[in-house]
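Everything on this sheet refers to the single structure shown next.
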Amino acid sequence: MSSAIPVGDSHSEDHHDLGFIRTYIFSTDHKMIAKQFLVTSLLFLALGGMLAAMIRWQLGFPGQPLPFNLGAILPDTMAPGGIILPEFYNSLVTMHATFMVFFALMPLMAGVFGNLLIPLQIGADDMAFPRINMLSFWITPVAGAIMLASFFVEGGAAGAGWTSYAPLSTSGEWTGVYLGQILWLVSLIVLGFSSITGALNYVTTVIAMRAPGMTWFRIPLATWSLFVTAWLLLLAIPILTGGLILLLLDQTIGTAFFRPEGSGEPLMWQHIFWFFGHPEVYILILPAMGFVSEVIANRSRKPVFGYHSMVVAIVAIAFLGWVVWGHHMFQSGMNPFLGMSFMATTVVIAVPSAIKTFNWIGTLWKGDIHFDTPLLHAVSFVALFVIGGLSGIFLASAPVDIYLHDTYFIVAHLHYVLVGGSLFGIFAGITFWYPKMFGRMMNETLGKLHWGVSFIAYNLAFFPMHNLGVQGMMRRIYDPNQYEFLQSLQSTNTFISKSVFVFVSVQVLFAINFFWSMRKGKKAGDNPWDSNGLEWACPSPPPHGNFAEIPIVHRGPYEYSYPGREQDFWPQNEAPVESFGASTKPEHKPGE
Amino acid sequence: MKNSENGTSDNRMNFLGWKVDIYIGIWVILLLLTLGEVILAFLPFPKMALALGLIAMAVYKAALVGWYYMHLRYEPRNLWILAICPLPLAFILVLAVMTEFGWLVG
Amino acid sequence: MNLSWIMPESVSTFGPALDNLYYVILVITGIVFVVTEVVLVYFMIKYRHKEGRKATYIEGSSKAEWIWTSATAVIVMALAIYSKGIWDEIRHPDMFPENAYELNVTAKQYEWNAAYAGPDGQLGTSDDIMSRNQVHVPVDQPVIVNLQSEDVIHSFFLPQLRVKHDVVPGRVWPIWFEATQTGEFPLACAELCGLGHYRMGGTLIVHSKEDFDSWLSEMQIEAEDDE
Amino acid sequence: MSDAVLATIDRTPEPGMGVFNKKLGMWVFLLSEVMFFTSLIGSYIILRYAHPDHFAAPGELLNVNLTAANTFLLICSSVSMVKAFAAIQQGDLKGLQRWLLVTILMGTAFVSVQAYEYIMLSHEGFLPGLADYTAHAGGPLYGATFYVMTGFHGAHVSLGVLALIFVYIRALRGEYTVADHEGVEVIGLYWHFVDLVWIILFTIVYLI
Ligand code: HEA
Ligand code: HEA
Ligand code: CUA
Ligand SMILES: [Cu+2]
């Protein structure tokens, strides 16, 4: 069997009635796996949000007992009398970031949308390896359970930051956290298998299972970015796994890879971590960039501005992402010459990012913009990503980073790209593809309300963090008032915290909308957004095997408002009408 | 279908004038190289030159395994391009971190 | 509420150069920020859906793309080159001053211990003068600080001197600065180092030359009295 | 090709890499394995470069002859694996079974020799931990890096042996044919990869 893989024969048994367990629990259907990922990762997102709220409580109202009598629930090792202890604060920060990055955003990006969109958008009936796909999902709750368990063990959860810098993380002697740190390491090692098995599936599926006519340059940008993300996962995660194993050995059997007592090198951990870590942050945003491209093109009824350069920019960002990791280590005692080469590569990333940003704006230009919830989130993504990206330029400049490193400026930067960017991108993605997943529309009014309050509260919460950083406030500090020069910043911190509480609370609207619409939402129909992608050519929600017949692709994904056509969209699989005449056909572009 | 894909037609190679099964031929080369390495390692060469030489031999052996035993030779070119794509990354990581310690030690 | 974008006053020789770079970036990114956001909002309003108007079919424009790609490239490369100059001034090994006053600072959970050469003029000997959570330096003279850690990574942060450097255990990390004003300035730990990280603060005390010497001799006498 | 023609005849998927999915999947998986071993081997190279005094010269502590023999075994198992695949390509089921068995035996032997080596070394006090490290050569980095690299390689070999046994059972049941032997090829790729890693490891751990 060479290139000819007949679509539809790989697991035809799925077309039969499978019973509850195999339909909802141990399903091998990519759409069901996507939904499973969606529910679990939203729960982890909510958990991460709760932890963030507790962080903000401490920073906004230091030393005051937690509200809602939380103090009675939390044990005395965490918050006696409701007052958060410093060691618990460190665990909160660490676990907040860990849950958000590894258990919420990564599965939301790759797990949910990788699974949902890749086969649908390329016209395949499922993933290349459905069983491995199922495995990839089931590893996640296992890893999550291990991570959650660490809250309840003696010494509490890991508290060395999500970066777990050695030697702080190598021994409980330094933090008082023994088992918690070990569970953190084990959980992430386990979770790594989920990412790798997932990525392996995505890469193979995109390479080998594209429908006839789906040439590389007709692939929608969401799939493109998921494909590139899968590569990043595939090559970055094993590096982390290796590092985690070495750290675990340092913790448990007393090796000295990163421990200076035995001549180990703490800086080597930082190199390993960031060699993974920087590709990781692009893992967390590239898919969102893809969703945003789709939503903006669709809702402004225009082709994506510069589709080819968008693809090139995705690949360029991913590629450059491998050679910039040192920018996290400018102040770590790194070789200053090496630092300079990292600075050069880092600023260059602004170039493909600029291409993407301006192309999104170019897509809106002369469009016919429909203000639906997905579009509002997508445009917010662009607006906020620009802020986060530009603050990255300060940090990329090594001398300025001397001052800004490890201050709230970093916290502002990372939340602008990760919350303003990735999370809003995810909201855009969920609201846009929700009808495909569940067959019903989300409620528009609730959606707009959620968006509006979120957008305002979000900015009020995170923008002032830049100013805190410029005033010199360090990150990861339990109580800034310990420092006299930071005491004047307390009112800003309190204001930020209040805004965060609004931001977190308003997410309830999203949760309500999400569950309510599943039952009561307006029926969606196959193609509620008048979209071109193949995912809209099958029923909502798609049945097993997705397409009744293998779709054949005739054109690129963004033929909106094509001149001379009555409809303002032109599905990729719509067969050309012969009498239309050659001139009206979008021709193959060079490179196809 | 398989046969045409993997091109079993040229499954013989010229080895010192003999026509031998290609896999056996490669096997002999691998063994000789390994033997050579073990002997070389104990000869009094300058340490750095020796290390580089041995690594070159090891890489060559690894390449032989990939090329013949893993059939990269018979696969479409795209596949072996794909197969070598992590190598530059591995190289960059190790080299960059080494310069770091070169600086510290020196 | 303090929403200022102005850094606290800088009191080291390289401070102003670093601050300038920061303000240059602030202005450039500020302009880029305003322009992109304004254009974005303008397009959103101008091209909002209206009955009867159709979107214009535009697939891109290589000219526009070339312009903004190369403009961005030029700006960021210029920033990188500008930054490199200042970085070298601060961190290049050849730039370490020669006539510097040298002292050791040893970090450990959660305190800073500074050591100054005693009567024998040598650092690291038994007659070293010690001060805890206080780092005393002379004004207008370059100072080299040898950073060491006894346990985990800390970060030696003097906000107003624009100094920040991680203190990694296992090696000695020299850094330098030159204070331009006398007075007391905050010293902070900027790297998470355990539960007491938030209170690992101290003070940098910049003396005039004479004061510094008299402080040193005072400390010597105190140390001798203790023996 | 015009769209109209495409619509009527060309119903095959886009060509991709031109290999079957399982093989492509295995290759993609092996790429991630390359990165995994990079993190382990890279750490060794870096630590050794930074602390040369922690590491002993070849032959001083490790038994090169024993491991050279072991390397020989693994290379032989690679050739027997490829012969197994060549056999089933010709439809020779018996040959497949025979060569697979040889491969399994040699793989097992490799792991056993490695276990023996570990036992000998630990008796000499060559251990990975900082506290229990007593062997005179240098310092604890040597033991730590040595056991991690060879240990994870050994684990890969052991998994490979298990997978081969699975394939062998299927071969005994005659489940592979000239037309359908994807499983043999895919497991073969894994096996050769493990061999390839060893070739590198042997040189840099034992000979340099
Ligand atoms: C999704 C996540 C994400 C993304 C996309 C980015 C994008 C970028 N990041 Fe960020 N970063 C993080 C997540 C992310 N980062 C996180 C989590 C941390 C902290 C980790 C920790 O320590 O815990 C961090 C930390 C971090 C540091 C280390 C700071 C320190 O600790 O001292 C640096 C330094 O260089 C940096 C730089 C950049 C740059 C240059 C970009 C660029 O890619 C941005 C490019 C985009 C633009 C520039 C905007 C669009 C372009 C234009 C509008 C064109 C015009 C622009 C110009 C002319 C300049 N980031
Ligand atoms: C993906 C990344 C991500 C996300 C989304 C967030 C979200 C938030 N983060 Fe966090 N954060 C990090 C990644 C992230 N963070 C990282 C990497 C660090 C550094 C850690 C370190 O130093 O080690 C950090 C650190 C960090 C700090 C600094 C702590 C310190 O240095 O001392 C603070 C302080 O304010 C903070 C606050 C917040 C807040 C208020 C949010 C809010 O945006 C949260 C809002 C709440 C939600 C978004 C939940 C909403 C829930 C739903 C929408 C689900 C609905 C449910 C169903 C349908 C079932 N974060
Ligand atoms: Cu010391 Cu933080
Ligand atoms: Cu980065």
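Every chain is numbered from 1 and lettered A, B, ... according to where its sequence line falls, protein lines coming before strand lines.
Using a 4.5 Å cut-off between non-hydrogen atoms, the part of residues 199-208 of chain D that approaches chain B consists of D:I199, D:I200, D:F202, D:T203, D:I204, D:L207, D:I208.
Contact tally against chain D (heavy-atom pairs below 4.5 Å) for B:G66, B:A41, B:A63: the top residue is B:A41. Comparing B:A83, B:C85, B:A58 by how many heavy-atom pairs each has under 4.5 Å with chain D, the most go to B:A58. Comparing D:T38, D:V82, D:L189 by how many heavy-atom pairs each has under 4.5 Å with chain B, the most go to D:V82. Heavy-atom pairs under 4.5 Å with chain B peak, among D:S78, D:S32, D:G42, at D:S78. Ranked by heavy-atom pairs under 4.5 Å with chain D, the list B:T34, B:L82, B:L87 is led by B:L82.
The two residues D:Q114 and D:N70 come nearest to each other via the heavy atoms N-ND2, 3.8 Å.
Under 3.5 Å, the side chains of D:T103 and D:S80 contain a donor-acceptor pair of N or O atoms. Donor-acceptor pairing under 3.5 Å is recorded for the side chains of D:W198 and D:T71.
Using bins of under 30°, 30° to 60° and over 60° for the plane-to-plane angle, the ring pair D:Y44/D:F55 lands in the perpendicular bin. D:H156 and D:F36 have tilted rings, their planes meeting at an angle from 30° to 60° on a 0 to 90° scale. Ring geometry for D:F110 versus D:H153: interplanar angle over 60°, hence perpendicular rather than tilted (30 to 60°).
Contact annotation for D:M17: both backbone and side-chain heavy atoms come within less than 4.5 Å of a heavy atom of chain B. Contacts of B:L54 with chain D are made by both backbone and side-chain atoms, with heavy-atom separations under 4.5 Å. B:F91 does not touch chain D: none of its heavy atoms, backbone or side chain, sits under 4.5 Å away. Of the two parts of B:L72, only the side chain, counted from C-beta on, holds a non-hydrogen atom closer than 4.5 Å to a non-hydrogen atom of chain D.
Here D:K22 does not pair with D:E185 in a salt bridge; the nearest charged N to carboxylate O distance is not below 4.0 Å.
B:M70 is listed as a side-chain neighbour of D:L30, based on a closest heavy-atom distance under 4.5 Å.
Both tests pass for D:R170 against the ring of D:Y176: distance under 6.0 Å to the centre and angle within 45° of the axis.
For the side chain to side chain contact (heavy atoms under 4.5 Å, CB included) criterion with B:V65, the lone passing option out of D:V197, D:L196, D:V79 is D:L196.
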